[in-house]
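Worksheet: one structure, shown below.
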Amino acid sequence: MRAKITYFTLAGVLVVYFVLVGSRGVLLIQQGTALTIAFGVGVLVLPLIGAWFLWQSTKFARNAGRLARTLEAEGALPVDELVRTPSGRIDRDSADAIFERRRAETEAAPDDWRTWFRLAIAYHDARDTPRARKAMQRAINLYDGQPVRG
């Protein structure tokens with residue numbers, strides 16, 4: 001719950017920032033000179049890119065949560081078997097061992113979104129965020145029946 005509050009607070013701050021920056025872009029365009037119009041258009045592009053990125057991130061998190069709720073209802077959420085250091089950090093060897101197991105499961109059933117979901121969690125635990133996102137996106141696409149690339 002705390003993560004959701006933080007996320008929505010930061011998203012709200014970003015939206016306010018986008019509005020403020022966008023209003024400055026409009027003011028620059030209203031000045032009417034070639035230079036201020038060019039700057040104004042440039043300033044307007046940045047909040048549009050930011051808003052698109054925020055929307056994509058929100059959609060990804062919502063879809064990943066939907067898959068997690070489905071797995072929870074099935075009683076198939078991955079169990080946390082990771083060994084942790086005294087400070088609470090995940091032991092690298094433990095994460096690697098579980099990752100190898102999850103990778104083998106995914107290779108055995110490449111069209112099952114559940115194995116891709118569990119692989120994404122294993123990538124995340126192994127601190128490989130880009131691959132974790134790609135694996136989770138593949139799980140989402142398989143769940144939704146969309147074509148899967150690669």
Side-chain angles (χ1 to χ4, degrees), residues 1-31 35-99 101-103 105-106 112-150:
M1 184 62 169
R2 190 168 148 185
K4 279 186 178 183
I5 293 170
T6 301
Y7 183 81
F8 286 113
T9 300
L10 291 176
V13 168
L14 272 174
V15 168
V16 169
Y17 175 76
F18 296 154
V19 169
L20 290 174
V21 170
S23 69
R24 297 297 178 227
V26 169
L27 288 174
L28 284 168
I29 291 170
Q30 287 176 344
Q31 291 296 314
L35 185 63
T36 59
I37 290 173
F39 277 132
V41 169
V43 167
L44 283 177
V45 167
L46 294 175
L48 291 175
I49 291 170
W52 175 84
F53 183 76
L54 180 62
W55 171 250
Q56 293 299 316
S57 297
T58 302
K59 190 168 75 168
F60 177 82
R62 190 181 66 233
N63 287 335
R66 179 171 45 113
L67 268 60
R69 286 187 301 278
T70 301
L71 276 179
E72 183 179 33
E74 294 175 355
L77 271 177
V79 178
D80 186 1
E81 314 168 60
L82 297 166
V83 176
R84 300 185 188 276
T85 64
S87 66
R89 291 185 61 94
I90 296 171
D91 177 65
R92 181 72 177 189
D93 293 334
S94 172
D96 289 344
I98 292 173
F99 170 77
R101 196 170 72 226
R102 298 293 186 214
R103 185 172 58 83
E105 289 173 3
T106 303
D112 185 1
W113 67 268
R114 292 164 187 84
T115 62
W116 283 99
F117 182 93
R118 289 189 285 268
L119 181 65
I121 300 299
Y123 270 127
H124 176 73
D125 292 340
R127 298 185 201 122
D128 191 346
T129 304
R131 287 188 178 144
R133 286 187 67 86
K134 286 179 185 176
M136 186 61 74
Q137 189 60 56
R138 188 172 187 127
I140 292 166
N141 289 344
L142 286 169
Y143 182 86
D144 290 339
Q146 296 176 0
V148 179
R149 295 183 307 230

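Everything quoted here is computed from the prediction, not taken from an experiment.
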Testing the basics here: between G22 and P47, what is the closest heavy-atom pair and its distance to 0.1 Å? N-CG, 4.0 Å
So which atom in Y7 and which in S57 form the shortest heavy-atom distance, rounded to 0.1 Å? OH-C, 3.8 Å
Please determine whether the number of non-hydrogen atoms from other residues, nucleotides or ligands lying under 6.0 Å from atom CZ of F18 exceeds 12. yes
Kindly say whether R114 contributes a backbone atom to a donor-acceptor pair with the side chain of D112 at under 3.5 angstrom? yes
Heavy-atom count check: over 12 atoms from other residues, nucleotides or ligands less than 6.0 Å from F53 CZ? no
For a side chain to side chain donor-acceptor pair (under 3.5 Å) check, start with the C-alpha distance between R138 and N141, then their side-chain angles and the critical distance, and finish with the verdict. CA-CA 5 Å; R138 188 172 187 127; N141 289 344; over 6 Å; no
Report yes or no: is the cationic atom of R133 (NZ for Lys, CZ for Arg) closer than 6.0 Å to the six-membered ring centre of F60, at no more than 45° off its axis? yes
Output the distance between atom CZ (R24) and atom CD1 (I29), rounded to the nearest 0.5 Å. 13.5 Å
Rounded to the nearest 0.5 Å, how far apart are CG of D125 and CG of D96? 10.5 Å
Hey, are the side chains of R66 and D144 touching, using non-hydrogen atoms and a 4.5 Å cut-off? yes
Does the pair I140 and Q137 meet the rule for a side-chain contact (heavy atoms from CB on, under 4.5 Å), with working shown? CA-CA 5 Å; I140 292 166; Q137 189 60 56; 4.1 Å; yes
Set of residues satisfying salt bridge (charged side-chain N to carboxylate O under 4.0 Å, His left out) with respect to E81, sequence neighbours excluded: R101, R102
Between T70 and W113, is a side-chain contact (heavy atoms from CB on, under 4.5 Å) present by the stated rule, with each step listed? CA-CA 11 Å; T70 301; W113 67 268; 3.9 Å; yes
Inspect the surroundings of CZ in R103 and state if more than 12 heavy atoms from other residues, nucleotides or ligands are less than 6.0 Å away. yes
What distance do Y17 atom OH and L46 atom CG have between them, rounded to the nearest 0.5 Å? 7.0 Å
Y123 OH to M136 CE distance, which is reported to the nearest 0.5 Å: 12.5 Å
Supply the atom-to-atom distance D91 CG to I98 CD1, rounded to the nearest 0.5 angstrom. 10.0 Å
Could you tell me which non-hydrogen atom of A95 sits nearest to which non-hydrogen atom of I90, and how far apart they are? CB-CG2, 3.9 Å
Sub-3.5 Å donor-acceptor pair from the side chain of S23 to the main-chain atoms of L20, do we have one? yes
T36 side chain to L28 backbone, donor-acceptor under 3.5 Å: yes
Does any non-hydrogen side-chain atom of L54 lie less than 4.5 Å from one of V15? yes
Working to the nearest 0.5 angstrom, can you tell me the gap between L67 CG and R118 CZ? 11.0 Å
Can you check whether T115's main-chain N or O pairs, donor with acceptor, with T106's side chain at less than 3.5 Å? yes
Shortest non-hydrogen contact from A64 toward F117: O-CE1, 3.9 Å
Check whether any side-chain N or O of R92 sits under 3.5 Å from a backbone N or O of A126 as a donor-acceptor pair, and report yes or no. yes
More than 12 non-hydrogen atoms from neighbouring residues, nucleotides or ligands closer than 6.0 Å to CZ on R89, yes or no? no
